[in-house]
Amino acid sequence: MNDKWLEFAIRIQSIAQAGLQYGKDKYDKERYEELREIAAEMMSEKTDIPVDKIRDLFCNETGYQTPKVDTRAAVFSDGKILLVHENNGTWALPGGWCDVDQSVASNTEKEVREETGFTVHADRLIAVQDWRKHNVQNYAFGVMKVFILCRYESGEFMKNIETIEIGFFDRESIPEVLAVEKTTKDQILMCFDAYEDPDWRTMFD
């Protein structure tokens, strides 16, 4: 979905959503509704997703539009990094959307526990990245990705609805089939660099 046309649609949707939230004039609000509909049609035309589904996914929020937060855990054992094998066949760092009742640290620990059965402790902030600069995009909203270096404490893998297996990989054995909207090879290598450098300075866009 990395495409200028889609970027325009996302920007139009964002402006329309803010206008619907803060606009006072009813005629202006009608115009913002029309802009939102145009943005949905642009997205549908470009992706072949039915416009009704686009409306549900793309035009269902209120208030000023802000990015969502995605937390990813870098857990190492014997110099190898933990990846989860998802039920769609791709590999990724464990993680997911930050829940409204969680901090970045607690959400990262929770996601690892849910996806692997491991109890970990969030130790260090590796990076905060705007996914538009690093990942394949598959959502029509902004995402801030937060990478956390975590320390394994206890537990064994438990199969779950998201993860069919786990694996620990060194730099040379990173799987080719990655969920690149969630985790790229460059992001995994960044986590290796942070793990190996006790003086790592947090990266951010």
Heavy-atom closest contact (Glu115 atom, Pro94 atom, distance): OE1-CA, 3.3 Å
Residue of the set His134, Lys145, Gln129 for which side-chain hydrogen bond (donor to acceptor under 3.5 Å, both in side chains) holds with Gln187: Gln129
Ion pair Asp70/Lys68, N-O distance below 4.0 Å: no
Over 12 foreign heavy atoms within 6.0 Å of CD, Gln21: yes
Residue pair Val75 / Thr116, side-chain heavy-atom distance below 4.5 Å: no
Under 3.5 Å donor-acceptor, Thr108 side chain and Val104 backbone: yes
Donor-acceptor contact present, side-chain Asp130 to main-chain Asp205, <3.5 Å: no
Backbone N/O of Ile49 and side chain of Ser44: donor-acceptor pair under 3.5 Å: yes
Short N-O contact, Glu7 and Lys4, less than 4.0 angstrom: yes
Any donor-acceptor pair under 3.5 Å from Thr163 side chain to Asn160 backbone: no
Same cluster (ILVMFWY, side-chain, under 4.5 Å), Met158 and Val120: no
Side-chain donor or acceptor of Asp123 paired with backbone N/O of Leu149 under 3.5 Å: no
Distance (rounded to the nearest 0.5 Å) between Lys110 NZ and Cys98 SG: 8.5 Å
Residue Glu34 excluded, over 12 heavy atoms near CD under 6.0 Å: no
Carboxylate-amine/guanidinium contact Lys80 Asp78, below 4.0 Å: no
Polar side-chain atom of Thr119 near backbone of Glu153 as donor-acceptor pair, under 3.5 Å: no
Trp97 atom CH2: more than 12 heavy-atom contacts under 6.0 Å: yes
Value rounded to 0.5 Å, distance of CD in Gln17 from CG in Leu35: 13.0 Å
Exam field: side chain Asp25 to backbone Asp28, donor-acceptor pair closer than 3.5 Å: yes
Expected output: side-chain Trp200 to main-chain Asp193 donor-acceptor under 3.5 Å: no
For Phe169, ring-ring contact (aromatic ring centres under 6.0 Å, His included) partners two or more places apart: Trp91
Atom CZ of Arg171 with >12 non-hydrogen neighbours under 6.0 angstrom: yes
Linked, directly or transitively: Leu178 and Phe76 (ILVMFWY side chains, under 4.5 Å): yes
Backbone N/O of Leu93 and side chain of Lys182: donor-acceptor pair under 3.5 Å: no
Spatial distance of atom CD1 (Ile148) from atom SG (Cys191) [nearest 0.5 Å]: 9.5 Å
Backbone of Gly79 reached by a side-chain donor or acceptor of Asp170 within 3.5 Å: no
Same apolar cluster (I L V M F W Y, side chains within < 4.5 Å links), Phe168/Leu189: no
